[in-house]
Number of protein chains: 2
Amino acid sequence: MASSLISRQLALSLQKNLRLSAPGCRYVSKAAPKTQVEFDYDRPSMKTEVPGPRSQELTKQLGEIQNVGAVNFFCNYEESRGNYLVDVDGNRMLDIYTQISSIPIGYNHPALLKLMADPSNLSTFVNRPALGILPPENFPDKLSESLLSVAPSGMTRVQTMACGSCSNENAYKAMFIWYRNKERGHTTPSEEDVSSCMINQGPGCPDLSILSFMGGFHGRTMGCLATTHSKAIHKLDVPSFDWPIAPFPRLQYPLEEFTRENAQEEARCLEEVEDLIVKWRQKGNPVAGIVIEPIQAEGGDNHASPGFFKSLRNIARKHGCAFHVDEVQTGGGSTGKFWAHEHWGMDDPADIVSFSKKLLTGGYYHRQELQADKPYRIFNTWMGDPSKNLFLAEVLNVIRRENLLEEVTRSGKALLNGLYELQAQYPGLLSRARGQGTFCAIDICDDATRNSILLKARDKGVLLGGCGDRSIRFRPSLVFKDYHVHMFLNIFNDVLAQHK
Amino acid sequence: MASSLISRQLALSLQKNLRLSAPGCRYVSKAAPKTQVEFDYDRPSMKTEVPGPRSQELTKQLGEIQNVGAVNFFCNYEESRGNYLVDVDGNRMLDIYTQISSIPIGYNHPALLKLMADPSNLSTFVNRPALGILPPENFPDKLSESLLSVAPSGMTRVQTMACGSCSNENAYKAMFIWYRNKERGHTTPSEEDVSSCMINQGPGCPDLSILSFMGGFHGRTMGCLATTHSKAIHKLDVPSFDWPIAPFPRLQYPLEEFTRENAQEEARCLEEVEDLIVKWRQKGNPVAGIVIEPIQAEGGDNHASPGFFKSLRNIARKHGCAFHVDEVQTGGGSTGKFWAHEHWGMDDPADIVSFSKKLLTGGYYHRQELQADKPYRIFNTWMGDPSKNLFLAEVLNVIRRENLLEEVTRSGKALLNGLYELQAQYPGLLSRARGQGTFCAIDICDDATRNSILLKARDKGVLLGGCGDRSIRFRPSLVFKDYHVHMFLNIFNDVLAQHK
């Protein structure tokens, strides 16, 4: 991770190019001449407050059908392009949230539209197969072209699923199955296993646990939810499992200025992990697997060092627990590498890596040993959706052709530098600027101010999302260039100036 | 339900038209002149054994990537049409399994292909939104056109989800939230609720349960799996919840010949349900909801009477439990009504009805009271997929335009009559023919014979699926006509003759 955190020196030298002077002044970028992205718009264009009258009308209409408390506004996806999301009132916003980090290469990318125009692809959309029993002819090839072409180190096997929660649920099941077979020493369940599991009892349904981290988010179905600890509203009133929860390091930023303190904090958390593994084994509820995000996203963009993850991987190995890296939000390129765990520089980073969002399909990679020993143990009707694999193969082509990971690294540096600068300018308002690639965040003084800033930025044509208690997270698509960064920084600067 | 189970008299009179004589002889249907279905093929056409050489080659290739133990063969979806699935070796099979009951109107239906050709639909496929926060302009209209136009009685609210398991997981959460708010008498959680739920403990994560039925199937994520009791292989080695499991009636068929015995059996099960509710309340783990399928599908096509479900609904109401009808497999028309629960003839059949498969999108309907009181309680990134709503609206148009529910009722009668006849002919081999619409099943003398019959039928060009210990389930699409029934019965008869 350290490699992508630009030094303060570099930040300072870049800053000169930005000619940033007084609060409220405009960034004028010399460093980043605009390159043409044919399908993108030029700039935001706002016609009404957001939500505008048409959005309000539709929200009322949808409110008759669903809870609309989370609806921001209604969108015109036909008119949206590249980095710009257009709403139903004709407002065009620079989108730095991208459908909760799930749009990989911007809206209506020509490569994806072209794919839709190819008649040989039609039947993939119209006839959704039960992939586990009746896959289409091109399924192995499409998996090879798409998911396997970006497989994490040490992994040649992948299972697709419909969404992030399903991916993690099935990854947990794979870890439980692996762990129990390891305990048995073979793969044949006893008669007691078979009969007891039918009524939810041990030994067939064993007392096994997944160790997760405070602040982590792994989804909202009941298995996932037992490992999610980011916000109470996600968990309240839902029965759960008595599984161990370790502290995630609370580091100080910029990381390179607090090396010693952060190392201490990480050591404290690792020690706690080992204690919990021992304690839960003693309780008769051993830890079958550890699940962790490379950067805690929903929980507030909390980072940890490559050394922390290496040690954690070793602790898992030492105690015979599987190690599951959840890349649902971090995967797909926005950290500047395709997988965030690549920043750790390990040949054998994990036993399982799950994904969804920018990958367009859910699923998980796993090492050979984590494959269930029999069919129908990891199974459901659809097991993903081949039409999403089709899109993903094309997205990966675009990423390679347009060197988007390099672009992300470049834009990410500009973004983080800009955030450092703003933070220096507004010390009472901003703190803890942090990030990897464009996967950046900054803290606001309090929750209410954060929310007010999000709304004001939106009315000025920039769509952002929050995370944690008082952070703003930046989640642009991979076609977010240097000049988008500077456009954003100018607008953000204006918004902040109003809050001073 | 009784209304759609044709009497033995009718069966006998229809039988005359079928000119069924000796085992091995061909059905020659006079009753069902073939109507033209332009996009359908004429008949099965087999070139190789199944799986053929190309399928075997691809299975080997996919085996390097995934567990392929459940793969039947590889398909050529482009060449598949209507009721016929074509494989990669050029075999064309009459499909009476339809991707585990999930293809509503056959393969490559012209209406769905036409939808794909409309440029105004492209952006719906290319830009998958986070529906809970940034829905597309046409979202309320598409919901009204599609899901709400077939809403169960008493329900005007619907939440889409990606798949069946996610639908049930979220339905359970909705029931837990509703139950706890009812217990509180208001919707404001205590500080203790909020802090304890973050660490998976009560009272925030309460001891609450869902009552399910032995033989039921509700999905494979961990919440769903705790209510699934159809096969051990689904549940083995996965931790579960201590939730109550009631017996599902084991009825004798044909239902109308065993009225008294079946009523006794249903009364026994209902009594057990009430006992379990009381017992679990006393254990401090009260039943927040009851979940049940109108016909247990994976568990072996087990039926129960409308009276049983009415009583169960009343028991739920009496004890303050929500009543959740899982129509993931039964929904979408194959019982001759759009929802299987319509056969019960109730105005207020359930608090929650979940769906997926033939509906193309997952989700659940619910009564107003079951709506979560705050946003982000029932939430995830995608919350379904609007491109599936687009297809569903068109599927519903076709169902209405072509009177497919009537067709299903007609074909279903022919199918069940044929099964009764075959059962009379092969008493040692077949038993317990049963069904509603084309949602039919029959038992085979033992598991091994069942599996052998499935394979032999496939090699003769008929694709079928098993369920339960030794049943064959029939799950054709809604465009399965009378003449398809007779074609199937002829082939099935040949297969059975070989097993005599």
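Sequence lines set the chain letters: A, B, ... in the order given, protein chains first and strands last, and positions in each chain run from 1. These numbers come from the heavy atoms of this one structure, side chains and all, not from hydrogens, waters or symmetry mates. As the structure is a prediction and not an experimental result, all values here were calculated from the model.
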>> Taking side chain as everything from C-beta outward and backbone as N, CA, C, O, which of these in B:Leu147 sits under 4.5 Å from a heavy atom of chain A? Side chain, backbone, both or neither.
In response: neither
> Given the options A:Val194, A:Val158, A:Leu208, which has more heavy-atom pairs under 4.5 Å with chain B than any of the others?
Replying inline: A:Val158
>> Looking only at side-chain N and O atoms, does A:Asp242 offer a donor or acceptor that is under 3.5 Å from a partner on B:Gln201?
In response: yes
> side chain to side chain donor-acceptor pair (under 3.5 Å) with B:Asn121: which residues, sequence neighbours excluded?
Replying inline: none
> Tell me, side chain or backbone of A:Ile177 under 4.5 Å from chain B's heavy atoms, or both, or neither?
Replying inline: both
> Does the side-chain contact (heavy atoms from CB on, under 4.5 Å) test come out yes or no for B:Tyr107 and A:Ser123, once each step is laid out?
Replying inline: CA-CA 9 Å; B:Tyr107 296 101; A:Ser123 83; over 6 Å; no
> Relative to chain A, which of B:Val71, B:Asn200, B:Val126 shows the most heavy atom pairs under 4.5 Å?
Replying inline: B:Asn200
>> Walk me through whether B:Gln66 and A:Phe139 qualify under side-chain contact (heavy atoms from CB on, under 4.5 Å).
In response: CA-CA 11 Å; B:Gln66 300 185 338; A:Phe139 186 54; 3.7 Å; yes
>> Among A:Leu360, A:Asn76, A:Thr124, A:Ile103, which residue has the highest count of heavy-atom pairs closer than 4.5 Å to chain B?
In response: A:Leu360
>> Shorter than 4.5 Å, heavy atoms on both sides: which option in B:Gly223, B:Cys166, B:Pro239 has the most such pairs with chain A?
In response: B:Pro239
> Relative to chain A, which segment of B:Phe391 carries a heavy atom at a distance below 4.5 Å: side chain, backbone, both, or neither?
Replying inline: side chain
>> side-chain contact (heavy atoms from CB on, under 4.5 Å), that's the test. Do A:Cys163 and B:Cys163 meet it? Break it down for me.
In response: CA-CA 9 Å; A:Cys163 71; B:Cys163 71; 5.9 Å; no
> So, for B:Cys205 and A:Lys235, which heavy atoms are closest and what is the spacing to 0.1 Å?
Replying inline: SG-O, 4.1 Å
> What is the distance from atom NZ of B:Lys114 to atom CG of A:Leu122, rounded to the nearest 0.5 Å?
Replying inline: 14.5 Å
>> So for A:Met161, is it side chain, backbone, both, or neither that comes closer than 4.5 Å to the heavy atoms of chain B?
In response: neither
> So what's closer than 4.5 Å to chain B heavy atoms on A:Ser102: side chain, backbone, both or neither?
Replying inline: side chain
> At a heavy-atom separation under 4.5 Å, does B:Gln371 approach chain A through its side chain, its backbone, both, or neither?
Replying inline: side chain
> If you tally heavy-atom pairs under 4.5 Å against chain B, which of A:Pro244, A:Ala288, A:Ser55, A:Ala226 wins?
Replying inline: A:Ala226
>> Tell me which of these, B:Leu112, B:Thr227, B:Ile233, has more heavy-atom pairs under 4.5 Å with chain A than the rest.
In response: B:Ile233
> Which residue out of B:Gln368, B:Arg184, B:Met214 racks up the most heavy-atom pairs below 4.5 Å with chain A?
Replying inline: B:Arg184
> Going by atom types only, do A:Lys374 and B:Asn67 share a side-chain donor-acceptor pair under 3.5 Å?
Replying inline: no
> Does the pair B:Phe125 and A:Phe125 meet the rule for a ring pair (Phe, Tyr, Trp, His ring centres under 6.0 Å), with working shown?
Replying inline: CA-CA 9 Å; B:Phe125 291 92; A:Phe125 291 92; 5.6 Å; yes
> With no hydrogens and no angle check, is any side-chain donor or acceptor of B:Arg220 less than 3.5 Å from a backbone partner on A:Phe379?
Replying inline: yes
> With the threshold set at 4.0 Å, does a side-chain nitrogen-carboxylate oxygen contact exist between A:Asp237 and B:Lys173?
Replying inline: no
> Heavy-atom distance under 4.5 Å to chain B: side chain of A:Ser120, backbone, both or neither?
Replying inline: both
> Any idea which of B:His229, B:Met198, B:Met222 has the most non-hydrogen atom pairs under 4.5 angstrom with chain A?
Replying inline: B:Met198
>> Looking at chain B, which one of A:Leu134, A:Asn72, A:Leu62 has the largest number of heavy-atom pairs inside 4.5 Å, strictly under?
In response: A:Leu134
>> Which residues pass the side chain to side chain donor-acceptor pair (under 3.5 Å) test with B:Lys388, not counting sequence neighbours?
In response: A:Asp385
> Got B:Ile65 and A:Thr156 here, is their nearest side-chain heavy-atom distance under 4.5 Å?
Replying inline: no
>> As an exercise: rank A:Ser240, A:Gly69, A:Ser230 by heavy-atom pairs under 4.5 Å with chain B and give me the winner.
In response: A:Ser240
> Parallel, tilted or perpendicular: which fits the ring planes of A:Phe241 and B:Phe241, with parallel below 30° and perpendicular above 60°?
Replying inline: parallel
> Side chain, backbone, both or neither: which part of A:Tyr179 has a heavy atom under 4.5 Å from chain B?
Replying inline: neither
> Quick one: does B:Arg157's side chain have a donor or acceptor within less than 3.5 Å of a partner on A:Glu64's backbone?
Replying inline: yes
> Measuring heavy-atom distances to chain B, does A:Ile378 have an atom under 4.5 Å in its side chain, in its backbone, in both, or in neither?
Replying inline: neither
> What part of B:Leu463 gets closer than 4.5 Å to chain A, counting heavy atoms only: side chain, backbone, both or neither?
Replying inline: side chain
> Going by an N to O cut-off under 4.0 Å, is there a salt bridge joining B:Arg54 and A:Glu137?
Replying inline: yes
> Is the backbone of A:Arg128 close enough, under 3.5 Å, to the side chain of B:Gln99 for a donor and an acceptor to pair up by distance?
Replying inline: no
> Given that the side chain runs from C-beta out, which part of B:Ser195 has a heavy atom under 4.5 Å from chain A: side chain, backbone, both or neither?
Replying inline: neither
>> Does either side chain, that of A:Asn127 or that of B:Asn108, offer a donor lying less than 3.5 Å from an acceptor on the other one?
In response: yes
> For the residue pair A:Pro136 and B:Phe74, what are the closest heavy atoms and their distance?
Replying inline: O-CD2, 3.4 Å
> Which pair of heavy atoms, one from A:Tyr77 and one from B:Pro135, lies closest together, and at what distance?
Replying inline: CE1-C, 4.1 Å
> Which pair of non-hydrogen atoms, one from A:Ala162 and one from B:Ala162, has the smallest distance, and what is that distance?
Replying inline: CB-CB, 4.3 Å
>> Test side-chain contact (heavy atoms from CB on, under 4.5 Å) on A:Arg180 and B:Leu236; report intermediate values, then the result.
In response: CA-CA 9 Å; A:Arg180 281 290 287 141; B:Leu236 191 69; over 6 Å; no
> So which part of A:Ile245 gets closer than 4.5 Å to some heavy atom of chain B, the side chain, the backbone, both or neither?
Replying inline: side chain
>> Return the CD to CG distance between B:Gln61 and A:Asp141, rounded to the nearest 0.5 Å.
In response: 5.0 Å
> Of all heavy-atom pairs between A:Ala70 and B:Ile133, which one has the smallest distance, and what is that distance?
Replying inline: O-CG2, 3.3 Å
>> Please rank A:Asp87, A:Leu113, A:Asp207 by heavy-atom pairs under 4.5 Å with chain B and give me the top one.
In response: A:Leu113
> For the residue pair B:Met116 and A:Met116, what are the closest heavy atoms and their distance?
Replying inline: CE-CE, 3.9 Å
>> Please classify the contact of B:Ile199 with chain A as side chain, backbone, both or neither, using a heavy-atom distance under 4.5 Å.
In response: both
> When heavy-atom pairs shorter than 4.5 Å are enumerated against chain A, which of B:Gly132, B:Ser196, B:Cys197 gives the highest number?
Replying inline: B:Cys197
